[in-house]
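As a basis for the values below, the full set of heavy atoms in this structure was taken, side chains included, without hydrogen atoms, waters or symmetry mates. Note that ligands are numbered from 1 as they come in the structure, with each ligand's atoms numbered from 1 the same way.
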Amino acid sequence: MEFDSINHISSRSEFVNEDINDHSSVNSEQPSRIFYPKTHEECQQLVIWANQTNASLFTRGAGTGTTGGAICTKGDQIGISLVHMNNILDLDQINATITVEPGVILSRIHQAVEAVGLFYPPDPASLNRCTIGGNVAENAGGPRALKYGVTKDYVIGLKGVWANGESFEYGGKLKKNVAGYDLIGLLTGSEGTLAVITEITLKLRPKPTVIAEAIAGYKSTEDALIALTNTLTRGVLPSTAEFMVERCMSASLAYSNEAPVMASFPAYVIWQVDGQTVEDVNKQLNQIKSFSKGATFLMMDTDDLSNRVWGLRRNVSLGLKQVAKKKYSEDIVVPIGNVPEVIKRLETLNHPSGIEVLGYGHLGDGNIHVNILKMSASEDDWERFSPDVIEQVMAIALKYGGSISGEHGIGVTKKQFMPLMFSNHDLHIMKQIKTIVDPLGILNPGKLHP
Ligand SMILES: Cc1cc2nc3c(=O)[nH]c(=O)nc-3n(C[C@H](O)[C@H](O)[C@H](O)COP(=O)(O)OP(=O)(O)OC[C@H]3O[C@@H](n4cnc5c(N)ncnc54)[C@H](O)[C@@H]3O)c2cc1C
């Protein structure tokens with residue numbers, strides 16, 4: 001492949017000190033070349049070159065995605081890694097906005113805005129590694145989505161390059177904007193299939209003045225879920241309500257090489273409430289306690305304890321992978337009222353071959369991370385039965401009014417389930433949109449569309 005017109009852009013023939021894969025179960029091919037553009041113009045040159053030469057491109061942030069969106073699906077593809085476009089361009093305290101390049105790591109945005117009393121709530125558990133470009137492309141959520149919403153609720157400006165090489169710049173520091181179709185909304189969550197995003201403006205909130213957190217141990221999964229639904233339906237809106245069962249905790253403790261933070265319980269919820277006064281947050285916590293019959297609360301009232309508990313929550317997925325040897329991670333979402341029933345139904349999916357199914361996660365907003373764990377199943381049984389178990393998980397989500405993905409997107413691993421959720425007409429509309437902006441099908445081919 002000739003790279004003459006783009007030779008000036010920093011590139012490598014293979015990934016160095018970076019994982020070529022993402023966090024899905026799919027193995028990446030080795031791409032022909034990986035480019036590391038530093039400007040919007042370089043991104044545009046790459047996309048124009050791909051259109052002229054009919055080359056396929058895949059875009060990549062930090063590679064923490066869990067559905068194969070950032071991997072190379074065929075050996076002749078060219079990677080565009082956005083990690084060197086990592087500048088914070090503007091932090092506007094008057095308009096409460098921040099404008100950044102796509103390769104900025106999310107936790108850097110948190111630190112920058114909180115240093116001036118502002119707040120960017122989306123907090124995927126990968127926040128110390130994932131990029132904001134990846135967050136926008138996946139419309140990432142996190143524990144605080146319960147009270148504050150997901151990435152799309154904060155994206156008010158986008159700059160980038162459509163797949164056909166056209167540059168765009170939409171929105172800006174506007175808090176309201178309803179002119180025409182919502183193209184920012186279309187691009188947010190489009191998983192790198194429509195455009196390369198090169199600049200993002202996010203709206204910010206005032207940082208909550210008082211935050212209180214506790215981890216509560218419950219005598220049963222049912223007790224934890226009753227506390228959760230009662231809290232959410234009786235006027236308290238915590239900023240997080242993260243649920244996990246004992247096996248998640250023990251797997252994470254082992255993975256993190258940490259001592260337990262409290263006695264062992266069948267189920268836990270990490271509660272966080274925020275407000276303007278101490279009285280206000282104490283009132284909220286007391287209400288949660290009144291709905292948590294027989295539970296033991298440990299206040300996370302030091303930075304050390306808070307970091308340890310959140311660290312354990314963030315390592316659950318990696319811990320389960322260590323225990324199970326192999327696993328698939330699904331992230332279904334259902335209406336909150338159906339969470340207890342869905343958790344019960346998921347427990348019935350444990351397979352005689354030894355495959356186990358475990359649900360945990362952002363249960364406060366109905367987003368259940370369903371882990372299908374290989375455990376004692378043989379390799380043959382894993383290959384043979386796990387696809388069926390996954391399909392049953394999807395069927396349960398849809399039966400209970402849910403969706404096949406709450407925050408991880410579709411990528412490669414879930415595209416075969418799209419027809420379960422969308423009609424042929426719906427899928428045709430999506431395909432047409434893709435064809436209009438990417439007539440040659442050069443950007444992230446083989447992803448999202450079944
Ligand atoms: C331990 C762990 C915990 C996680 N927890 C959460 C969680 O709580 N909530 C959640 O939502 N997700 C979570 N994730 C998933 C993942 O972190 C998010 O999807 C994140 O948004 C991906 O960001 P990234 O920079 O790693 O993107 P990548 O994985 O590199 O890419 C993801 C997708 O975005 C596209 N893309 C990346 N940058 C651009 C760009 N500039 N322009 C266009 N397309 C682009 C890629 O093509 C790909 O399709 C977790 C992952 C891990 C490993």
Side-chain angles (χ1 to χ4, degrees), residues 15 18-24 26 28 37 40 43 46-47 57-73 77 79-86 100-107 122-146 150-152 155 158-163 187-200 240 242 252 255-256 310-311 313-321 329 331 333 360-362 365 367 369 371 405-413 415 443-448:
F15 285 108
E18 285 174 82
D19 194 348
I20 181 175
N21 294 310
D22 67 358
H23 280 258
S24 70
V26 191
S28 179
H40 169 89
C43 290
L46 285 166
V47 180
L57 302 174
F58 65 97
T59 41
R60 191 172 167 95
T64 67
T66 60
T67 54
I71 62 164
C72 173
T73 50
Q77 290 175 352
I80 302 186
S81 169
L82 281 308
V83 291
H84 291 176
M85 289 181 68
N86 58 3
V100 294
E101 291 183 324
V104 178
I105 303 293
L106 176 60
S107 55
D123 57 344
S126 51
L127 58 88
N128 288 319
R129 287 160 54 210
C130 64
T131 66
I132 188 68
N135 291 176
V136 173
E138 296 287 3
N139 188 14
R144 293 194 294 231
L146 174 56
V150 296
T151 305
K152 81 167 160 42
V155 180
L158 282 183
K159 183 172 172 181
V161 186
W162 288 110
L187 286 160
T188 306
S190 62
E191 303 190 18
T193 60
L194 300 179
V196 181
I197 295 163
T198 60
E199 197 175 300
I200 299 151
T240 77
E242 291 289 302
S252 183
Y255 177 84
S256 317
W310 281 112
R313 164 61 189 89
R314 290 183 183 126
N315 282 340
V316 168
S317 176
L318 300 168
L320 288 173
K321 187 158 190 186
S329 306
D331 87 311
V333 57
Y360 71 93
H362 320 307
D365 58 25
N367 188 189
H369 290 324
N371 279 231
S405 177
E407 56 183 23
H408 292 168
I410 301 299
V412 177
T413 58
K415 61 180 185 169
L443 201 52
N444 262 1
K447 296 169 186 169
L448 193 148

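- Considering both main-chain and side-chain atoms, His369 never comes within under 3.5 Å of ligand 1 through any nitrogen or oxygen pair.
- The closest heavy-atom contact to atom 28 (P) of ligand 1, among the options Gly63, Cys130, Gly134, Pro124, comes from Gly63.
- Ranking protein heavy atoms by distance to atom 41 (N) of ligand 1, first place goes to Ile197 O, 3.0 Å.
- The single protein non-hydrogen atom nearest to atom 25 (O) of ligand 1 is Thr131 OG1, 2.6 Å, given as residue, atom name and distance.
- Atom CE of residue Met85 and atom SG of residue Cys43 lie 4.5 Å apart, to the nearest 0.5 angstrom.
- At a heavy-atom cutoff of 4.0 Å, ligand 1 is contacted by the side chain of His408 but not by its backbone.
- No donor-acceptor pair under 3.5 Å is formed between the side chain of Lys447 and the backbone N or O of Thr193.
- Considering OG of Ser405 and CG of Asp331, their distance stands at 4.0 Å, rounded to 0.5 Å.
- Residue His362 has at least one heavy-atom neighbour below 4.0 Å for each of these atoms of ligand 1: 8 (O).
- Distance check: Glu101 CD to Glu199 CD gives 7.0 Å after rounding to the nearest 0.5 Å.
- Of the possible polar contacts, one joining the Ser28 side chain to the Cys72 backbone as a donor-acceptor pair under 3.5 Å is found.
- Contact annotation: Lys447 has no heavy atom less than 4.0 Å from any atom of ligand 1.
- Looking at Pro143 and Trp310, their side chains come closer than 4.5 Å, going by heavy atoms from C-beta outward.
- For atom 31 (O) of ligand 1, the closest non-hydrogen atom on the protein side is Ala70 CB, 3.5 Å.
- Of the candidates Ser190, Gly133, Ser317, it is Gly133 that places a heavy atom closest to atom 39 (C) of ligand 1.
- Ligand 1 lies out of reach of Gly406, whose nearest heavy atom is not under 4.0 Å from it.
- Summarising the geometry, atom CG belonging to Asn444 is positioned 4.5 Å from atom OG1 belonging to Thr59; distances are rounded to the nearest 0.5 Å.
- Of the candidates Asn21, Asn315, Thr59, the one placing a heavy atom closest to atom 46 (C) of ligand 1 is Thr59.
- Of the heavy atoms in Glu138, only side-chain atoms (C-beta onward) come closer than 4.0 Å to ligand 1.
- The option from Asp22, Asn367, Thr64 that lies nearest to atom 51 (C) of ligand 1, judged by heavy atoms, is Thr64.
- When hydrogens are left out, the protein atom nearest atom 43 (C) of ligand 1 is Ala195 O, 3.3 Å; that is the closest non-hydrogen contact.
- Using a 30° and 60° split on the angle between ring planes, Tyr360 and His369 fall in the perpendicular class, above 60°.
- For ligand 1, the polar-atom distance check against His23 finds no nitrogen or oxygen pair separated by under 3.5 Å.
- Across Ala125, Gly192, Gly160, heavy-atom proximity to atom 8 (O) of ligand 1 is greatest for Ala125.
- Remark: ligand 1 and Ala137 share no N or O pair separated by less than 3.5 Å (distance only, no angle test).
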Check your understanding: So Glu242 and His362, side-chain contact (heavy atoms from CB on, under 4.5 Å) or not? Walk me through it.
Key -> CA-CA 5 Å; Glu242 291 289 302; His362 320 307; 2.7 Å; yes
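- Counting heavy atoms from C-beta on, the side chains of Ile80 and Pro37 come closer than 4.5 Å.
- The closest approach between a heavy atom of Gly141 and any atom of ligand 1 is below 4.0 Å.
- At a heavy-atom distance under 4.0 Å, only side-chain atoms of Pro102, from C-beta outward, approach ligand 1.
- Under 4.0 Å from ligand 1, not a single heavy atom of Pro143 appears.
- In this structure, the separation between CG on Asn135 and OG on Ser126 is 6.5 Å, given to the nearest 0.5 Å.
- Proximity of Ile410 to Thr67: side-chain heavy atoms (C-beta onward) are nowhere separated by under 4.5 Å.
- Taking distance alone, with nitrogen or oxygen atoms compared against 3.5 Å, Ser126 approaches ligand 1 more closely than that limit.
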Exercise for review: Show your reasoning for whether side-chain contact (heavy atoms from CB on, under 4.5 Å) applies to His40 and Lys159.
Suggested key: CA-CA 8 Å; His40 169 89; Lys159 183 172 172 181; 3.8 Å; yes
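- The environment of NZ in Lys321 is sparse: at most 12 heavy-atom neighbours from other residues, nucleotides or ligands sit within 6.0 Å.
- Taking only non-hydrogen atoms, the option from Leu318, Asn135, Leu187 nearest to atom 20 (C) of ligand 1 is Asn135.
- Looking only at heavy atoms of the protein, atom 9 (N) of ligand 1 is closest to Glu407 OE2, 2.9 Å.
- For atom 29 (O) of ligand 1, the closest non-hydrogen atom of the protein is Gly65 N, 2.8 Å.
- Taking every heavy atom of Leu82 and a limit of under 4.0 angstrom, the matching atoms of ligand 1 come to 41 (N).
- In this structure, CG in Leu82 is found 11.5 Å from CZ in Arg60, a value given to the nearest 0.5 Å.
- When only interatomic distances are considered, the shortest N/O to N/O separation between Arg314 and ligand 1 does not fall below 3.5 Å.
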Review point. Step by step, would you call Glu407 with Val150 a side-chain contact (heavy atoms from CB on, under 4.5 Å)?
Key: CA-CA 9 Å; Glu407 56 183 23; Val150 296; 5.9 Å; no
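- Within the structure, ligand 1 has Asn444 among the residues with a heavy atom less than 4.0 angstrom away.
- Ligand-side atoms of ligand 1 in range of Ala140: 11 (O), 21 (O), range being under 4.0 angstrom from any heavy atom.
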